[in-house]
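Notes follow the structure.
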Amino acid sequence: MREDSPTWISEWRPEDEAFWNATGKTIARRNLIWSIVAEHIGFSVWLIWSIVATKLPQAGFHYSTDELFQLVAVPGLIGALMRFPYTFAVTTFGGRNWTIFSAAILFIPTLSLAYFVSQPETPFWLMLLIASTAGLGGGNFASSMTNISFFFPDRMKGWALGLNAAGGNIGVSSVQLLTPILMTLAVINLFQATPVGGVYLQNAGLMWVLPIAVAVFGAVFFMNNLTSAKSSVKNQLAIVKRKHTWIMAFIYIGTFGSFIGYSAAFPLLIKTQFPTVTISIAFLGPLVGSLSRPFGGWLADKVGGSIITFWNFIAMAAATIGVLYFVGQKDFTGFLSMFLILFLTTGIGNGSTYRMIPSIFREENLFKVRGKGDAARAMALKAASIESGAAVGFIGAVGAVGGYLIPSSFGKSIAATGGPQLALAIFLAFYAICLGLTWWFYLRRSSQAEGAPSLAEARV
């Protein structure tokens, strides 16, 4: 480590087994733990409005169903946009430094929510603006994943990224499980002694103030920056010109975009389609999707990410057909069962697609230096690490637009047709396209263009 700044690690060689076993493993795991803590809270804040929106009418807010879906959707859009600068922040400011900042800034959406939800006269445009600040929590994923990708050797990236992502994703389940409970209690209410419309909506924001403070503390005292992860934004932006960056971003909309979009929309979708069912059950979907994500990464490490992704899209399409059938039949048991399968497949797909990204960039960079010796190979691996770190953040940013598109589509579909079937049919067609792209670019064995590696043979 640098003597003048012990928070910076100047020598980091995770592919060197001796270094990894001696010191690297311990440091990497410590950074992973606190990365998960910060990202978990980020996801929780990002999805606060998925629950709050369902309670606004009860608290005296007179918003239409479409407007309620917009309050759920807009944090998804802002979160996706925030992921672009967050992707490049780690290599500019350092992973530890950015985690401190990105966690501390979450006081803005939580405290502003706590105040304005106690004001039933708040106009819709202002409430939409307040909801948009929750998108700051969505940006955390990109910087967290980029940061962790530098700490672990290639053989463990699928597991590490999957665990990091799952720890964050499960924040969706946490907020949807705990918020309805805590909104019934006066124990942490700071703004008024009586609830608004029978619920303490303020608690939805106040409940995360202490956890945010813990995350900031952990990042300050237990995380590190890596000098090997330093890179100019210009060098990282080279990934925007790569074909596979955009292909994987499109596919990732189908996996992570589905997870975050369905997670955001699920409570309000239950409330509109099955009014007699409590929304507190909605947390099960994100929970299943979060827990299955490391499994998807583990499977991809063992079998190959593209193979898992391909079959996973088939399962996603089948589950979507099941949801279409049961929502039309107004059969909640069947609807919930199919949606839980759909959440399961979004999690597996999240893990497998993210494992594909570093593998693709590694194969492409190694192909360029084939036969040029160990020094060239080492440089290629370093370049691949920088590029894949930028790519996972960039692709995650594009994929996150599903957090806006899915709730918004449900709202428009219900407003236009009275039900969510039209939106579900569009999602089904999208999965078919993702299935075709996965096969064509990553599983199809054919004569490769000169200067291009065989990604199918490499089992990315």
Side-chain angles (χ1 to χ4, degrees), residues 41-82 104-139 172 175-176 178-209 211-212 261 263-272 275 279-280 282 403-404 406-408 410-412 414-415:
I41 296 168
F43 264 90
S44 299
V45 172
W46 194 17
L47 271 291
I48 282 179
W49 285 88
S50 67
I51 293 296
V52 171
T54 68
K55 300 294 185 180
L56 290 177
Q58 181 180 339
F61 292 84
H62 303 292
Y63 302 148
S64 69
T65 298
D66 188 33
E67 287 175 331
L68 292 175
F69 270 106
Q70 289 304 311
L71 288 173
V72 171
V74 73
L77 177 62
I78 300 303
L81 294 176
M82 293 302 297
I105 203 173
L106 297 180
F107 285 118
I108 294 174
T110 51
L111 294 177
S112 59
L113 180 151
Y115 175 76
F116 282 99
V117 294
S118 64
Q119 311 297 321
E121 70 280 2
T122 302
F124 175 71
W125 69 266
L126 180 55
M127 194 62 85
L128 193 65
L129 179 63
I130 300 304
S132 70
T133 64
L136 293 169
V172 180
V175 77
Q176 292 183 350
L178 297 176
T179 305
I181 297 172
L182 292 178
M183 285 195 300
T184 65
L185 305 176
V187 66
I188 59 173
N189 178 48
L190 300 180
F191 288 94
Q192 59 185 39
T194 56
V196 179
V199 292
Y200 292 92
L201 278 174
Q202 307 94 316
N203 290 355
L206 296 175
M207 63 187 281
W208 297 108
V209 172
I212 291 170
S263 296
F266 200 37
L268 197 53
L269 188 63
I270 291 174
K271 188 174 182 63
T272 57
I279 62 165
S280 61
Y404 172 78
I406 288 180
S408 182
F410 277 136
K412 300 301 182 187
I414 292 171

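Count residues from 1 along the sequence. If you're wondering where the values come from, they're calculated on a predicted model, not measured in any experiment.
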Quick check: closest heavy atoms across [X] and [Y], and the distance to 0.1 Å?
X: V175; Y: S44; value: CG2-O, 3.4 Å
X: F116; Y: T122; value: O-OG1, 3.5 Å
X: Q202; Y: A114; value: CG-O, 3.2 Å
X: Y63; Y: M127; value: OH-CB, 3.6 Å
X: A59; Y: L201; value: CB-CD1, 3.4 Å
X: L113; Y: A204; value: CD2-CB, 4.0 Å

Indicate every side-chain donor-acceptor pair of residues 70-82 with a distance under 3.5 Å to a residue at least two apart or in another chain.
| from | atom 1 | to | atom 2 | distance (Å) |
| --- | --- | --- | --- | --- |
| Q70 | NE2 | S408 | OG | 3.4 |

Any heavy-atom pair between the side chains of [Y] and [X] that's under 4.5 Å?
X: T110; Y: M207; result: no
X: T54; Y: I270; result: no
X: K55; Y: V117; result: no
X: V52; Y: W49; result: yes
X: L269; Y: P407; result: no
X: W46; Y: L136; result: no
X: T133; Y: S112; result: yes
X: L182; Y: Y200; result: no

task: List the steps, then state whether side chain to side chain contact (heavy atoms under 4.5 Å, CB included) holds for W208 with L106.
output: CA-CA 9 Å; W208 297 108; L106 297 180; over 6 Å; no
field: Separation of Q119 CD from L126 CG (nearest 0.5 Å)
entry: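 Going from the CG atom of L126 to the CD atom of Q119 covers 10.0 Å.
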Rounded distance [0.5 Å steps], CG in N203 versus CG in L178: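 With rounding to 0.5 Å, CG (N203) is 12.0 Å from CG (L178).
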- request: Mark yes or no for whether T179, through its side chain, and Q176, through its backbone, hold a donor-acceptor pair below 3.5 Å.
  value: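 Answer holds: no.
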- request: Check step by step if side chain to side chain contact (heavy atoms under 4.5 Å, CB included) holds for F69 and T272.
  value: CA-CA 11 Å; F69 270 106; T272 57; 4.3 Å; yes
